[in-house]
Protein chains: 2
Amino acid sequence: MRRGSTNRELKHALLERLMHYYHFLCGQPGAPTPDTVTSTEIARLVHMDDTLVRKDLAAIGVRGHPRVGFRSVEVLSAIRGVLGFDTAFESVVIGAGRLGSALASYPGFASLGMGIVGLFDNAPQKVGLTCGRHVIQPMVSLPTVVRNHGVSLAILTVPPDATQEVADQAVAAGIKAIWNFASTSLTTPDDVFVRHEHISVGLAELSYQLSRMSEQ
Amino acid sequence: MRRGSTNRELKHALLERLMHYYHFLCGQPGAPTPDTVTSTEIARLVHMDDTLVRKDLAAIGVRGHPRVGFRSVEVLSAIRGVLGFDTAFESVVIGAGRLGSALASYPGFASLGMGIVGLFDNAPQKVGLTCGRHVIQPMVSLPTVVRNHGVSLAILTVPPDATQEVADQAVAAGIKAIWNFASTSLTTPDDVFVRHEHISVGLAELSYQLSRMSEQ
DNA sequence: TAGATTGTTAATCGATTAACAATC
DNA sequence: TAGATTGTTAATCGATTAACAATC
C-alpha cells in the first residue's frame, strides 16, 4: 500500500538544497550543532528565502514546532533518509591514477553510506600495488568483485578514450550506476544511472569571474 | 564607451549550459567537430529545447545563419571569450595530498586558460618533494610566488580544520578567488570570489537514485 | 495571553517553450 | 523559388516569494 509515501521523483535542485542544509546542520568544525534551528536561521546560512526552506522540509516530511523551529536531529535524519545515506551501498573505483587514488582513500564517503570495496586498473605496472587500504586489481577481477560484494556503483577515473569501454565492462559486470569523472559522455542502457562530475564547470565559473574582475 | 557590450552578470545556469555546449562542440574522442551545427542538433545532444540554445547563443553574441546553422568555430570562440578561457590566469594549489597532487598535475586546465605555478603544503616531510612537474613548497613562500607570478586563484585541498586559516593566508597574499575542495564554508572579504566544489552533492544524487532503484 | 514561528494559499517573477515572421 | 533554419515575440509553466492564518 504505502500511501502517504511520496513516490514522485525529487528534483535535482531540491536534492542539492537538502545537501546544503545537511552540510550546515552537521556543524562547522568548532561550532557544534544546536538542538533546534528555525527556518530563518537555515535560510540565512545558505542565503535563501525562509519560506523555501520550510517548503523543502515539508516536502521531505519534517514537521516544525511553532515558536521553536525544527529539531536538528529530525532534519538531519530526514535528509539522510531521503538521500539514502542510511541505505548503504558498495562501489568500486576504476582507474588508479591520482584522482582515482584520492577518491578511493577519501574518508568522508562512509558516513554518507558509500563503501569502496575495490580499486581497479589495467596497467600491468600498477596491478598489485598498495594504495591506502586497497590493492590495485586488474579489470578481469571486476565481475567477481561486483558479484561477491553486491557492488552497485562504478566510479570512473580513467582517461577519456578508455571511458566508454570501461563503462561497458562495468555495466556487463552488473553495476547499477556510474559516477563519471572523465570529461567524455557515455552511452549506457537506460536502467543504469550516470552522473557526470564536470570539474570544468567549476573552472568556467572561476574563469568568468576572474576575467570580469580584471575587466574594469 | 563600450556600448553593446553586455555588462550585466551572466547567470550561473547559463554559464553551466555554455560549458555544456562547449564540451560537446569540442567533439568526442574519435568524432571530429563538424563545420556547422544547428541549434536543434546541439539541443538533442544536451537534451534541451532548441529555442533555449538559440537564446543562449544570441545572449553571448553569436549569429547563426538561416538554412545553415551556427559555425562551430564561432560558437566555440564566443564561449571561450565569455567564459574567459582566452584570458589566461595563474593559480596555486594549497594542500599536497592526493587530491591536491591530482589537480596540480591535471593536464586539461591549460587549454581553459588556467596555469598552475605552485604546489604548497606545510608538512615538513612533504616540503621539497617532487610531485609531477612541481616541487612542494612551504606556505611561507606563498606571498612571494603570488607576487612574482601574478597568481589570482588559490585552489584549496587542505583538511577541513585548516581551510579557513589557509584561506586567510591566501587572501593576505593577494589572491582574488578561491576554489575550495574542502567541505567547510569560508569567511572571506567581499571582493574575493569563492567557489565551493561539493563532491558530496554528486554522491547525494547517486545515493538517492540507488536507494530509489532498490526500493521497488 | 501575546508573540514567535510554522504551514499553506495566493501572487509574483523568471525561465522555458510555443508560435511564427524574417532570412538566406 | 521553396524550404530549412534562425531570431524574437507571446504564452506557458514552474519555482520563488509574499501574505497571513494556524499553532503552541
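Numbered from 1 within each chain, the chains take letters A, B, ... in sequence-line order. Basis for what follows: all heavy atoms, side chains included, without hydrogens, waters or symmetry-related copies. Computed from a prediction, not measured in an experiment: that's the story for all the values here.
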Looking only at heavy atoms, which two atoms of L103(A) and T157(A) are closest? And how far apart?
CD1-CG2, 3.7 Å

Tell me whether the OP1 or OP2 atom of dG7(C) has a side-chain N or O from R63(A) closer than 4.0 Å.
yes

Intra- and inter-strand pairs of DNA chain C in dot-bracket (Watson-Crick or G-U wobble, both distances under 3.5 Å; | for another strand):
..||||||||||||||||||||||

Does a side chain donor of either H20(A) or E16(A) reach within less than 3.5 Å of an acceptor in the other side chain?
no

dA15(D) P sits how many Å from E16(A) CD, rounded?
14 Å

Going by the side chain to side chain contact (heavy atoms under 4.5 Å, CB included) test, name the single residue among D35(A), T36(A), L76(A) that passes it with R71(A).
T36(A)

Which one, dT5(D), dT8(D), dC24(D), comes nearest to the side chain of P66(A)?
dC24(D)

In whole Å, what is the span from the NE2 atom of H12(A) to the C1' atom of dA15(D)?
15 Å

Where the side chain of T38(A) is defined as all heavy atoms beyond and including C-beta, which of dT16(C), dG7(D), dT6(C) is the nearest nucleotide?
dT6(C)

Are I42(B) and F24(B) packed together at the side-chain level, in the sense that at least one heavy-atom pair is separated by less than 4.5 angstrom?
no

Closest non-hydrogen atom pair between L156(A) and A167(A), with its separation:
CD2-CB, 4.0 Å

When the distance from CG of D56(B) to C1' of dT17(C) is rounded to whole Å, what number comes out?
13 Å

In terms of the nearest nucleotide of DNA chain D, which residue is placed more toward the 5' end: V62(B) or R17(A)?
V62(B)

Which residues in residues 44-52 of chain A have a heavy atom closer than 4.0 Å to any atom of DNA chain C?
T51(A)

Note: G202(B) and W179(A) closest approach over all heavy atoms is C-CZ2, 4.0 Å

Please determine, by modelled atom types, if Y106(B) and R98(A) share a side-chain donor-acceptor pair under 3.5 angstrom.
no

I want to verify a distance call: between dT5(D), dG7(C), dT8(D), whose nearest atom is closest to the F70(A) side chain?
dG7(C)

Rounded to the Å, how far apart are R71(A) CZ and dC24(D) C1'?
12 Å

Tell me which of K11(A) and R67(A) sits closer to the 5' end of DNA chain D, going by the nucleotide each one is nearest to.
K11(A)

Give the ring-plane orientation class for Y22(B) versus F85(B), where under 30° counts as parallel, over 60° as perpendicular and anything between as tilted.
perpendicular

Would you call R63(A) and E74(A) a salt bridge, taking side-chain N to carboxylate O under 4.0 Å as the test?
no

Counting only side-chain nitrogens and oxygens, does R54(B) get under 4.0 Å of the OP1 or OP2 atom of dG7(D)?
no

Under the 3.5 Å rule, do the base of dT6(C) and the side chain of K55(A) count as making a donor-acceptor pair?
no

